[in-house]
Amino acid sequence: MSEHDIPAPGTEREDFIREIVKADLASGAHAKIVTRFPPEPNGYLHVGHAKAICLNFGIAQQFGGRCNLRMDDTNPAKEDIEYEESIVADVKWLVGGWAEHCLAFKPSGSTATANGADFHQAAAEGTGPGTEPFRASDSFDALHAFAVRLIENGKAYVCDHTAEEVDRMRGAPGQPGEPSRYRDRPVAESLELFARMKAGEFPDGARTLRARIDPASPNVWMRDPLLYRIRHVEHHNTGAAWCIYPMYDYAHGLSDYIEGVTHSICTLEFVPHRPLYDWLLEALDLPRPLPHQYEFARLNLTHTVMSKRKLLRLVTDGFVSGWDDPRMPTISGMRRRGYPAAALRDFTERIGVARRENRVELALLEACVRDDLNARALRRMAVLKPVKVVLENYPEDQVEHFELGNNPEDPAAGTRQVPFSRELWIDEEDFREVPPPKYFRLSPGTEVRLRGAYFIRCTGVVKNEAGEVTEVRATYDPETRSSNAPDGRKVKATIHWVSAKHAVDAEVRLYETLFAAEDPETAAEGADFTTILNPASLTTLTGCKVEPVLGGATPGAPVQFERVGYFVADARDSKPGAPVFNRTVTLKDAWARIEKKQGGK
RNA sequence: UGGGGCGUGGCCAAGCGGUAAGGCACGAGACUUUGGCUCUCGCAUACGGAGGUUCGAAUCCUCCCGCCCCAGCCA
């Protein structure tokens with residue numbers, strides 16, 4: 001848990017939705033706050049969902065309420081249990097250690113039942129791990145009963161028009177629609193037809209149930225919207241029990257009502273649907289209080305795409321290794337890449353909640369990740385692009401061990417032993433035969449400190465026939481063992497190293513953004529967005545040399561390769577003795593900036 | 001040209017009639033056995049534009065401009 005999870009007194013998170021919640025609590029409109037996070041199980045959750053999750057759970061947590069995890073599973077043709085399982089896992093991971101006590105699962109096996117006043121789901125508090133998420137499909141019976149009631153009240157009717165006819169008759173923005181020819185059919189007839197739809201007597205698309213609102217409404221969503229459609233498809237939860245399925249607009253608000261949700265928070269594109277949300281609740285004349293819908297602007301991030309359709313395409317066409325590829329903006333991808341849950345939460349808090357369109361810079365997310373990792377990640381030494389250094393005056397067979405701190409930010413993190421010997425690996429970037437201006441690292445004649453060990457001075461290089469440096473020669477100063485030089489001389493740089501004879505070979509995967517363009521959607525300009533994928537989004541390095549303790553790196557446990565970046569052993573591919581690391585994020589690199597500036601001149 | 005939403009620094013975002021918070025980014029410096037971290041300083045006479053109301057306007061009014069969403073039997 002990062003410090004950002006606990007707002008300092010007086011700095012409690014404020015946004016327009018929380019203001020509303022606060023007012024509703026103060027006025028007594030609601031005694032207790034219930035929110036919900038309602039994903040459709042047709043894809044993996046991404047960082048945009050993380051914003052919604054943190055908002056909904058954050059409100060439940062802040063105001064002592066609860067948040068239902070609910071599958072919006074009303075379209076079996078597109079949904080799958082694999083997605084549902086990934087969603088549950090991602091949500092648990094994200095809110096774990098923070099708001100898990102607000103995570104409400106439904107009472108085992110329960111469905112919506114009539115409680116005398118109306119249909120309600122049995123009240124459910126956080127009932128612990130292993131229980132089921134809420135599902136819109138658990139309320140299919142209640143939803144159906146509500147539909148019958150709507151027909152009986154003259155608020156809905158069965159329509160026989162084809163999909164094409166309905167489309168055409170709906171009109172267009174600016175041109176009113178025309179009424180369905182079946183709009184005024186007798187209640188009894190609609191009732192009978194609806195029953196026969198449910199009984200499976202008609203093929204897909206033959207008829208629909210529609211709300212009787214206003215075919216000419218300026219708001220196209222109010223032009224007698226469809227409530228139910230016929231789909232002879234088995235549902236991953238209800239099996240073959242149904243062949244009619246409710247539409248989103250119909251199921252959503254009523255599911256909120258059934259679950260006792262007070263604040264139904266969604267994204268801006270649903271604003272035009274709000275009148276329908278309210279109309280349905282009113283038409284049923286349900287006991288108060290009623291839930292209300294509030295909308296906020298969805299998150300957009302630079303250098304990536306967020307639409308499920310596009311992410312699915314990246315997966316199915318093999319542009320990435322899967323939904324949890326570390327380059328994906330999915331929660332599972334970020335987890336695998338090493339982004340801590342606390343950093344994601346911190347991020348969603350720092351970006352705020354408003355109704356303004358936005359595209360947040362990736363740099364902010366990375367700053368959150370670094371903040372969290374700087375405090376927690378154990379420091380280790382790893383040489384990504386090895387260059388051999390031979391210490392000419394160091395005894396051939398001598399080995400000594402240095403005790404290095406695991407984290408300068410946290411003395412309690414302890415220390416570990418690091419072996420040292422005559423031949424070492426250092427990183428290619430830490431040696432230049434011809435040093436550019438401001439270059440403080442090793443070059444012929446200069447002296448640097450080996451982290452935690454000695455000062456060394458470069459005495460020369462060995463080259464192959466092609467003229468490439470194959471070995472750096474140096475001498476060490478025994479007087480500087482883990483300390484400053486007795487004569488007071490200083491070095492300008494400290495570099496990391498790994499003892500050659502003790503090094504463990506590792507594979508290291510360096511990730512960059514999936515797209516070079518800040519806004520891939522615009523950059524692709526009508527062309528296929530996959531044509532502008534960043535070809536350098538993944539660089540795999542093998543033969544990297546890491547210090548011995550890293551041979552047994554724990555997948556998922558963050559480490560900092562000193563002076564390089566934060567890394568994590570890959571949860572799928574890393575094996576004891578043959579570690580595979582994912583670069584989570586680089587360290588800030590002042591030298592790279594200087595070098596870039598020099599190159600620009 | 002129907003309905004709806006939104007325009008505050010490079011990116012987010014406070015502000016709710018009393019004289020532009022904060023974060024990220026960026027720049028300068030200090031510190032440093034990570035060119036990391038930390039610290040200091042700098043960074044909107046200005047709130048899409050134009051009028052108006054007011055002692056006073058980013059906040060209220062009017063008009064204009066720009067961007068986004070909606071015509072799935074998707075969510």
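Each chain gets a letter, A, B and so on, in the order the sequences are listed, and its residues count up from 1. These numbers were taken from a predicted model, which means no experiment stands behind them.
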Determine, using ring centers only, whether A/Phe420 and A/Tyr454 are less than 6.0 Å apart.
yes
State yes or no: are the ring centers of A/Phe561 and A/His496 separated by less than 6.0 Å?
no
For A/Asn358 and B/rG7, what is the distance between atoms CG and P respectively, to the nearest whole Å?
11 Å
For the residue pair A/His252 and A/Asp72, confirm or rule out a side-chain donor-acceptor distance under 3.5 Å.
yes
Nucleotide-resolved protein contact map, nucleotides 69-75 of chain B, B/S/- at heavy-atom distance under 4.0 Å:
SSBSBSB
Can you give one letter per nucleotide of nucleotides 29-34 of chain B, going 5' to 3': B for a protein heavy atom under 4.0 Å from the base, S for sugar-phosphate only, - for none?
----BB
Between protein and nucleic acid, restricted to nucleotides 21-24 of chain B and to nitrogen or oxygen atoms under 3.5 Å apart, what atom pairs and distances do you find?
unit_1, atom_1, unit_2, atom_2, d
B/rG23, O2', A/Arg350, NH1, 3.1

Return the residues of residues 44-51 of chain A meeting this criterion: a heavy atom under 4.0 Å from some atom of RNA chain B. Order them by number, or give none.
none
Only stems of 3 or more consecutive Watson-Crick or G-U pairs count here, both distances under 3.5 Å; name the ones for RNA chain B, or none.
B:2-7 with B:65-70, B:10-12 with B:22-24, B:26-30 with B:38-42, B:48-52 with B:60-64
Name the orientation of the base relative to the sugar in B/rG72: syn if the glycosidic angle is within 90° of 0, else anti.
syn
Could you go over nucleotides 15-18 of chain B and give all protein N or O partners under 3.5 Å, atom names and distances?
unit_1, atom_1, unit_2, atom_2, d
B/rC16, N4, A/Glu19, OE2, 2.9

Does a side-chain N or O of A/Lys588 approach OP1 or OP2 of B/rC37 to a distance below 4.0 Å, or not?
yes
Would you classify A/Arg359 as touching base, sugar-phosphate or nothing, given that sugar-phosphate means primed atoms plus P, OP1 and OP2, and contacts are heavy atoms under 4.0 Å?
sugar-phosphate
Considering every strand and a 4.0 Å limit on heavy-atom distances, what is the contact class for A/Tyr439: base, sugar-phosphate, or nothing?
base
